[in-house]
Structures are given as C-alpha cells and as structure tokens.
Amino acid sequence: MLCALVVACVGGCRESKRPLKYLTNEPLRYYEDVAVRVTPPDVEVVVPEVPVEPHRLSAPNADEIWDLSLAEAIRIALRNAAIVRSDEQFLARGSVLSGNPSFAPSVFDPALRQAGFTFGGRGVEAALADFDTRFTTNMLWGRSENVQNSLVLSGGLPPGSTLTDETGNFTSRLEKRLGSGGTLGVQHDWDYSLNNRPGQLFGSAYTGFLRADYRHPLWAGAGVEYTRIAGPTLGDGQVAVDQGVVIARINEDVSLADFEEDVRNLLRDVEELYWNLALAYHVYDSEVVARNAALQTWRPENAKLDLPPELPTLTSSGNEAQARDQYFEARARAQNALADLYEAETRLRRLLGLTVNDGRVIRPGDEPITAEVELDWESSLVSALTRRVELRRQKWRIKSLDLQLRAARNLVNPRLDFVSSYQRNAFGDRLFAGSDDDGITTQGFGNAYETLSQGSHDTWSLGFEFSVPLGQRLAHTRVRNIELQLAKARAGLAALELDVGHELAIAFQRIDRFHQTARSNYSRMQAAIEREKVFDVRYKAGRDPTNDQLLRAQTSVAAAKTAYYQSLVQYNQAIAELHFRSGTLLEQDRVFLAESPWKPRAYKLAMRRALARSHALDASKLLHSEPREFAPSIPIAPAGWDMPPDGTAAEGVTNEPMLPEPQGGPAEDAPDAVEDAPSVQTEHPFVLPVKSMNERSNRVGMERPVELLEWIDAETERTTKTDPSPAKD
C-alpha cells in the first residue's frame, strides 16, 4: 500500500509525454477567453442614483434656485461626511480617494484605531487583552504494545512477551498576567497508567498534582508604570516598548486629533468654496450688465448703417465696429463667468456630498461680511498656541516618546525575577471513589482526589533568576533611538509653534489687506459708475463724435465691480482663515466633537469609584491616594476672551467675551478717505457698527445633535436632583 502511494505521488508530479488525441479539432476558445478576460469581482454594491446632466452653457435649464445658507451648507457637509473629502485633491492625479479609498480620512478612523489589534497598531482593548486570564487544557489517551527483547531488562515479564501499557493524560492551566509585571499560574495535571508489568502495588494508578507558580520581575521590566507603557515583558530580547495600555490610549487620542483636523479642513474648504460661488454670482451679474450695456450701445450704431449711403460717414462705421467688438467681448466674458459659476457650484456640491444635479441651482443665501473685524494679536496667538490641533497632536506624540524612553531605560537593567511555586502531589488507584480504602495499604490510596485534598505530599520551590546580555547593546541602542526621536519631536514642536505664529501673522495681514482693498475698490466702482453716466449723457447728446470713451467706461465698470466683489469675498475668506489658523474654526461654526454615551454600567462603576474615593479614610502622608495627573488641563479661552498665556485673568479683567462697542459714524479718519468725494463715503458699505469675530458665529451657528443634547440635559437634571450643591467649575 505504501509503495502504491509513492508511485501515485511521483507519477502525479511528472508531466505526461504521451500525445493526446481527441475526436474533434475544436479550438479552445473558452479557455483562451477566460485567460485574457478582465472581470470585476463579484461584490454586492449599492447602485447609486443616476444624477441629472450637469449644467452647461450649451444646455441651459430653468432650474429652481436654491438659496443655501453657509450654516446649512456646513450641516449638509457634515451629514454626508462618511468619507471626509478635500477640495485640494479634487481633479488631482493620484489622489488618496482614487488611489486607495482605505487611506482616505473618514468617520470610521477613530473607531478603527480603537479596534486595532495588529502589533504596533493596537487599541486599548487589544492592549488590555494581554492581561486576560488564559485557560488551556488537553486530554490524551494512548495504548502501546511492545515486545520485551531482553533477558534482563524486561520489567519482570518473560522475555519475548508483550508489554501492554495504556496511558491517559489530563492537563489544565489558568495563567494571569498582572499589572505589576508578574505572572500567576495555577495548573492541575493527572496521569493515568495501566500495564501488565508484575511487581506493582496497583495495576492501574492515577498520579497528579495541583501547582501554583508565581514569577515577578524585580529589576528590568518591573513595576506598574513599565507594564502600562510597554506591556508585559516578552523576554530579554524585547524590542517594542510601545504596546502598553497608556501608549494605545495616546494613539487613540492622536487618531481623534487627526479626525478633528480632517473635519476642520472640510469646514474650511466648504466656506472657501461657498464664498467662491458667491463671487462667481457677482462676477456673472457684473458681466451680464456689461454685456447688456454694450448691446445697447451697439444697436443704435448698427442702425445707422442702414441709412442711405450719402448719410453714413467713416466715423459711424468705425463706431459700429468698435461697439460690435465691445459687445462680443463682453458676451464672451459673461459666458466664461457663467461657466465658472457652474464649475464652482459643482465643486461645492461634491464637497457637500450632493449629486451633480438635482434640478436645483445652489445660490449662496448669505451676504459677505462688510464690517471691519477688530483684531487682538495676543489673544489670537494664545488661542492658536493652545487650540491648534496640530500642536496638541505633536504634544501627544512627545508624551508617548517620553513614556517609551522611561520603559527603554528600565530595560537597560539586568533581568532579575523572583520565582516561586507550591505543589500538592496526589496518587490513587481510582480518580473518584466512595472511600480511600484500597485494601492494600493502611494510608489508603483508593481515592486520588482525597489524597490531593489531604495535603500530605507537598513540593515547593523559591528563588531568583538572573540573566543579562553582556554589553546590553540592544538595550542601549533602543534608548539612543528613542532619545533621538524625542529630540526630533521636541524640535518639531518648536518649529511648528513658530510656524503657527507666522501663519497667524499672515492671516492678520490678509484681513487688513483685503479690507483696505475692498474700501478702495468700492470707491473705484462708484467712480466708474459715475464716469459711465457722464460719458453716456455726453454721447447721447452728441457732444462726443465717437463712442470710444463710453465703451471704455462700460468696461471699467465691469472690471471695478469684479475687483470689489473679489476683494470682499477674499476678506470673508481671510476671516475664516484667521479662525482656522487660531484653532477656533469649529467653535465659530458651532461644530463640536464628542464621544457617544457610554454603557450604563460604565457610569455606575465610575460613580462607585468616585464615592469610594470621596468617603475613604485619610491615608498616610506617605501614600498618594489621588492618581497622578497624566495630561494636565490647560485653560483654553474661547475666541475673543482676554486670557493671558498663564491661564489667569489679568487684573481688572473679567472672563467675559470681548465685544467691541458699536461705532455708528462713518469712517472719516480712514486713510483712504477721499476728501473731495463725500457722497462716496456716505454710501460706503463699511460704515456699519463694528462687529467682532464672535458676531459671525451667530450667523453660521451649528446645533449639536438632538440625541446628544437631550441626553446631556437629562444627565444634568438627574445630577442636579441628586446633588443640590454641585461643585463650581
């Protein structure tokens, strides 16, 4: 049988060289097609709804106008942000979403990080799994028959006879890794033996034990702090020191910071595209007005060409050609402006997670802010240095490396473990019996478990185990590597803080720049409109033989309007950029990130621990009953609050929002004020009461989810009823 199996295996591995003959000569088209065919995987997908054709210049539609506010746009973007999009990577080759959507930022990332289980990317639950009690057990039965081929060493059996031995083995063990780094184990074994060897007290016997062993590191890898940072020790060659619960929790905080940054970037892109669409509408409106004005100028000139030949002159022909050229140029500009509007709306729709076309045309419902924003450099800089998510994420990384350095320095020490074990041995003819009387001995070995419970046969051991790799090159290299990583991380934090200050400075400069240019462009627009009116009256009165001045004035009006609205939109975008750089964009848009409610059992355990800590007896001064502060809280002042860097209110300053006093008069002292144009200053749109940046939050406010709000209110009401005098913040 064995030979046949070998022949079959060898023959199956060899390729047959005999020619194969078939009844027909049909080509193997089926197999050729399958070999070269590119087929999609059989995956169940949701077929998306086919959108309506996008808006185009050649296919205009009378779609419904959708006046969309900025707050509603942000709400829609957050509702459809399962995958957080970015306008920067749109239409870019090799974008993350088109290359590998698995790496695209999403709302699942924090949960994925928390549920991580691979080495180096574990979450808290996976790190806590190292301390789960492990239970192992096995049962084995066997039988052996061996011929005794010895005249002397045959165990009392006649030479040539068969020794029959039946065996059984049962092993079970519980092992628990402790937070202090030690390992506690309990093991219970039974060995059963039945043979025909003569001269034995019992033909069959059960031999077993119940053992408890404990190992505790005293030097390298010792202590609760090390175990929380690096996880349980893996031996002398342990390389990773970042597998503990604390590091896993820090990694989760880093993932939350990444998610917050992605949401913040999404809001910035939404606001920027929202105002770009508003600018596209204003530009298109200006170009349409210029096109209509050019058409009104060209029509009478074109009508003059239909007069008798003796009346038209060379001047009339030149005026008609110039007016016609001006009209088609304005018409092309209007078409380009409309195409830009369609593209801006499409980009905004993509960022909001909407279809290409749903029968409506989005039109911004909020007007750009024209009021001058009061800027406070010190409070904005403090807010940026305390609220920027990039700084918080880098500080978490520094905290992680600092903890890893402590664990790495711990492993430089030699390995010294305390080892101990205690074992109760057992023996019996039967495993279970009603009595221990075996009929042979006076002590009685009829019941093996009764022998185990008597504790008459003990074994114990106690001692120390020492090991150290001479030179400790791996341990020192690990410490050096983490020290360099920590030094680089601290240098990166310093460089990032410097960049934050410069980014905020650029935001300040842009706000002032676009506000001043908006004032100037508004004055330019008023002058251009007045100029057009003057030349229109002069041309219609026949005081100008050519229409060149009028056409130039019409072009100047369109350019001035475009420049004004462009600077005004850039001013609003600069305000959003200031909130972005100061770390207050989410707060200004009324967007809050919060964890979902915990399980009810978690609140009960937290309350039990709080009560135990509050009502416990005072411990000795040498004992620290309160947990050491891991992440010290830094007072973060909301945007617009006057808080110095140390977190304490300045003398004579209350923690109230800084809202500047309204100023109702015109800006007579503005550096760009034109003394000989009072009418322009009187109609200036910037002559409104001065508002602060906080005013903007009322316009684009975002409400918290209803479920979370109701839950928080219920918890607050319940806490107030149980504790009539809650502690003050």
Side-chain angles (χ1 to χ4, degrees), residues 130-146 148 150 152-157 161-218 222 232-233 235 415-467:
D130 291 338
F131 303 95
D132 292 345
T133 302
R134 181 178 297 275
F135 173 71
T136 57
T137 183
N138 62 75
M139 286 186 178
L140 298 175
W141 290 270
R143 177 184 173 88
S144 65
E145 298 177 353
N146 299 309
Q148 301 300 304
S150 175
V152 180
L153 302 176
S154 59
L157 294 175
S161 61
T162 301
L163 174 62
T164 303
D165 193 358
E166 295 183 359
T167 60
N169 177 264
F170 169 76
T171 301
S172 60
R173 179 177 176 83
L174 287 174
E175 186 174 289
K176 169 71 174 179
R177 289 178 175 176
L178 306 178
S180 59
T183 303
L184 177 63
V186 178
Q187 184 170 340
H188 183 35
D189 285 13
W190 284 111
D191 290 325
Y192 171 74
S193 177
L194 172 63
N195 55 62
N196 58 350
R197 184 180 290 113
Q200 297 184 113
L201 183 62
F202 301 100
S204 64
Y206 290 88
T207 305
F209 63 86
L210 178 62
R211 182 176 65 230
D213 53 76
Y214 177 66
R215 174 185 289 269
H216 183 76
L218 300 177
T233 55
R415 183 71 181 269
L416 178 63
D417 293 354
F418 169 76
V419 292
S420 61
S421 66
Y422 174 77
Q423 176 176 313
R424 281 191 173 185
N425 301 318
F427 178 82
D429 184 25
R430 295 182 179 181
L431 191 62
F432 299 99
S435 173
D436 61 349
D437 186 10
D438 53 23
I440 300 177
T441 63
T442 57
Q443 182 177 352
F445 295 102
N447 189 339
Y449 264 105
E450 184 175 353
T451 307
L452 181 66
S453 63
Q454 289 175 357
S456 302
H457 310 86
D458 297 341
T459 301
W460 61 270
S461 64
L462 187 70
F464 300 92
E465 184 179 298
F466 179 84
S467 65

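What you see is a predicted model; the values in this text were computed from it and never measured.
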message: Looking at every heavy atom in both S421 and S461, which two are closest together, and how far apart are they?
response: OG-OG, 2.6 Å
task: State, yes or no, whether a side-chain contact exists between H188 and V186 at a heavy-atom distance under 4.5 Å.
output: no
message: Determine whether a donor-acceptor pair (N or O, by modelled atom type, separation under 3.5 Å) exists between the side chain of K176 and the backbone of R134.
response: no
With sequence neighbours excluded, residues passing side chain to side chain donor-acceptor pair (under 3.5 Å) with R215: D417, E465
message: Does the plane of the ring in Y449 sit parallel, tilted or perpendicular to the ring in F432? Use 30° and 60° as the thresholds.
response: parallel
message: Run L462 and Y422 through side chain to side chain contact (heavy atoms under 4.5 Å, CB included) and show every step you take.
response: CA-CA 9 Å; L462 187 70; Y422 174 77; over 6 Å; no
task: For S193 and D191, test the side chains for any donor-to-acceptor distance below 3.5 angstrom and give the result as yes or no.
output: no
task: Kindly assign one of parallel, tilted or perpendicular to the pair Y206 and W190, based on the angle between their ring planes and the thresholds 30° and 60°.
output: perpendicular
message: For the CZ atom on R430, are there more than 12 heavy atoms of other groups (residues, nucleotides or ligands in this structure) within a distance under 6.0 Å?
response: no
field: Test item: N195 side-chain N/O and T167 main-chain N/O as donor-acceptor pair under 3.5 Å
entry: no
message: Any non-hydrogen side-chain atom of F209 less than 4.5 Å from a side-chain atom of N425?
response: yes
message: Can you classify the ring geometry of F427 versus F202 as parallel (below 30°), tilted (30 to 60°) or perpendicular (above 60°)?
response: tilted
